[in-house]
Participant: 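This is the structure I have questions about; it appears just below.
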There are 2 protein chains.
Amino acid sequence: MTRYTKQARLLLAVDCIIFGFDGKELKLLLIKRGMEPEKGKWSLMGGFVQHEEDSESAAARILKQLTGLEGVYLEQLHLFSDPDRDPAERTVSAAYFALINIHDYENQLNEDYRAEWFPIHEIPRLIFDHSEMVQMAKAKLQYKAAFHPILFELLPGKFTIPELQTLYEAIYDTTLDKRNFSRKVLSTGLLIKQKDKDKENSKKGAFYFKLDKKRYTAKFHAFLNFIPNPDNLK
Amino acid sequence: MTRYTKQARLLLAVDCIIFGFDGKELKLLLIKRGMEPEKGKWSLMGGFVQHEEDSESAAARILKQLTGLEGVYLEQLHLFSDPDRDPAERTVSAAYFALINIHDYENQLNEDYRAEWFPIHEIPRLIFDHSEMVQMAKAKLQYKAAFHPILFELLPGKFTIPELQTLYEAIYDTTLDKRNFSRKVLSTGLLIKQKDKDKENSKKGAFYFKLDKKRYTAKFHAFLNFIPNPDNLK
DNA sequence: ACAAAAGTGTTTGGATTACACCCATGG
DNA sequence: CCATGGGTGTAATCCAAACACTTTTGT
């Protein structure tokens, strides 16, 4: 059997940039690294790709290890391959970003990792090139969410329009006109109005909506233009 | 020194999806694979990432090996990591796509690889998962070119508006209205009209334009909306 | 003189924006 | 009864699309 005898072998890791939204702020789930080097420092959740799995499965496995969640939105971001990125040994890392419903996650948390949610504007210093990964993930999320209805992945099954607007405002660090916003969102035909209201956040109460799963799947790649001037993104 | 002793090591390759434009058609540069397995079959140009280099440098090196070109537009596409993608040995591959000016390339060709340009609609069967890579690269090129002025990378330093339009039409397999197209393109302020004309392709002759490099760099990430209805892309 | 491609302007409809008031409720 | 946030409509503007004729010149 043929083998590529002269070539260098290396380690393949995956790291997950895990976004969550608590109704108010965009957050990132970080852990205290459990192994040397840099043990005890803040880090993205990661792990090594095993011999019989691809990097997508590895990312899903690792995400489940930490959060207990399956079927989460997970997308390959970038391969980071600087020869010196990990001082211990040549390791390249495929970064994935995940969008999770922060409420699903509560209670399921694997205590082993001492994970914590950090507001996106208060990310601590991270090991290796993880800060760069976070930067890139943020940029990609902004880019993608400007055109595709991806942010619903961050919300619970039932949500209100004002909640959704707060989420967009958090992602883009801006404020939006609520009349224009709700018109745009509703005009996509992706939302189904419910009979009940959320009374937590206001006296009047705001109607809940659910995603129309069929149309969501169908329109996922359509260009929806939620954001007024998507220039000056990257 | 710490090492990750229990983990599996593997090979990291890069493969390049090399696009070119001959003024008429979008093309892809393929080689006859020179090693086992699958020796002699059509393949993307690729190679292994060396111990002291990152995957970007490896892709640039490999591109130069084949075409002699440096400073080429090169962008990471995706990491392909199916455990069985290479039957010889576990190898993951970072795919990069390159946009080159097909005329720069002529004459410099490295004969060793028996490379040939194939029209994008007549790609032969490729080894491993290379067809999937090509598919993804095409989709990404379409996606990106709908918003960003990336296609100039495929043209020579001097080009005409009709040439540019032909290129867009080739990428999207469609036809465009030349009045609307030229207005849009010129309104970006990216083009500088030259004094001379191309007399090859018409009796009247079409004025040459050059890219305004400064503005091109500045506006590279802006949203230019060259394509009427970018829905139904992916 | 005619064929072939380049170049150019106007009109129309739809979409996006800006903007302000009323509604329902809990305290 | 009033403070708080939810919900809705309209007018003005801008942008994109549709569309046709004139120009140049090689043959």
Participant: Please report the distance, rounded to the nearest Å, between CD in A:E200 and P in D:dG6.
Facilitator: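 One finds 13 Å between P of D:dG6 and CD of A:E200, rounded.
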
Participant: Please confirm whether any donor atom in the side chain of B:R183 sits under 3.5 Å from an acceptor in the base of C:dG7, or the reverse.
Facilitator: no

Participant: Going by the angle between their ring planes, with limits at 30° and 60°, are A:F118 and A:W42 parallel, tilted or perpendicular?
Facilitator: perpendicular

Participant: Scan A:N201 against the nucleic acid and name what it touches under 4.0 Å (heavy atoms): base, sugar-phosphate only, or nothing.
Facilitator: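 A:N201: backbone/sugar contact only, no base atoms under 4.0 Å.
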
Participant: Verify whether one side chain among B:S55 and B:Y96 offers a donor that lies under 3.5 Å from an acceptor in the other.
Facilitator: yes

Participant: If I take atom CZ in residue A:R179 and atom P in nucleotide D:dG5, what distance separates them, rounded to the nearest angstrom?
Facilitator: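 So the CZ-P distance, A:R179 to D:dG5, works out to 17 Å.
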
Participant: With a distance cut-off below 6.0 Å to the six-membered ring centre and an angular limit of 45° from the axis, does A:K158 pair with A:Y208 as a cation-pi contact?
Facilitator: yes

Participant: Taking the nucleotide of DNA chain D with the closest heavy atom to each, which residue, A:K203 or A:S182, is nearer the 5' end?
Facilitator: A:K203

Participant: A:F223 CZ to D:dA16 P: how many Å, rounded?
Facilitator: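 Answer to the nearest Å: 15 Å.
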
Participant: Rounding to an integer number of Å, can you tell me how far B:F181 CZ sits from C:dG7 P?
Facilitator: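 The distance from CZ of B:F181 to P of C:dG7 comes to 12 Å, rounded to the nearest Å.
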
Participant: The side chain of B:F207 is closest to which nucleotide in this list: D:dC19, C:dT17, C:dG7?
Facilitator: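 Selected nucleotide (nearest to the side chain): C:dG7.
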
Participant: D:dA18, D:dT10, C:dT8: which one has an atom nearest the side-chain heavy atoms of B:N180?
Facilitator: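 Closest of the options to the side chain of B:N180: D:dA18.
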
Participant: Give a yes/no on whether any side-chain N or O of B:K204 is located under 4.0 angstrom from OP1 or OP2 of C:dG7.
Facilitator: no

Participant: Can a side-chain donor-acceptor contact be found between A:T160 and A:D198 if the only test is distance below 3.5 angstrom?
Facilitator: no

Participant: In whole angstrom, give the distance that lies between atom NZ of B:K197 and atom C1' of D:dT25.
Facilitator: 9 Å

Participant: Heavy atoms from C-beta onward define the side chain here; which of D:dA17, D:dG6, C:dA5 lies closest to that of A:S202?
Facilitator: D:dG6

Participant: Between C:dG9 atom C1' and B:L186 atom CG, what is the distance in whole Å?
Facilitator: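 After rounding, the reported distance stands at 14 Å.
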
Participant: Can you list the steps and then say if B:F128 with B:F80 is a side-chain contact (heavy atoms from CB on, under 4.5 Å)?
Facilitator: CA-CA 11 Å; B:F128 303 169; B:F80 290 80; over 6 Å; no

Participant: Compare the minimum distances between each of C:dG7, D:dG26, C:dA18 and the side chain of B:K199, then state the nucleotide with the smallest one.
Facilitator: D:dG26

Participant: Between D:dG9 atom P and A:K178 atom NZ, what is the distance in whole Å?
Facilitator: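 These atoms are roughly 14 Å apart.
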
Participant: Do the side-chain N or O atoms of A:K184 get closer than 4.0 angstrom to the phosphate oxygens (OP1, OP2) of C:dT17?
Facilitator: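 For A:K184, the contact criterion (side-chain N or O under 4.0 Å from OP1 or OP2 of C:dT17) is met.
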
Participant: Could you state the CG-P distance from B:L176 to D:dC19, rounded to the nearest angstrom?
Facilitator: 15 Å

Participant: Could you check B:E163 against A:G205 and say which one's nearest nucleotide on DNA chain C is further toward the 5' end?
Facilitator: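 So the residue in question is B:E163.
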
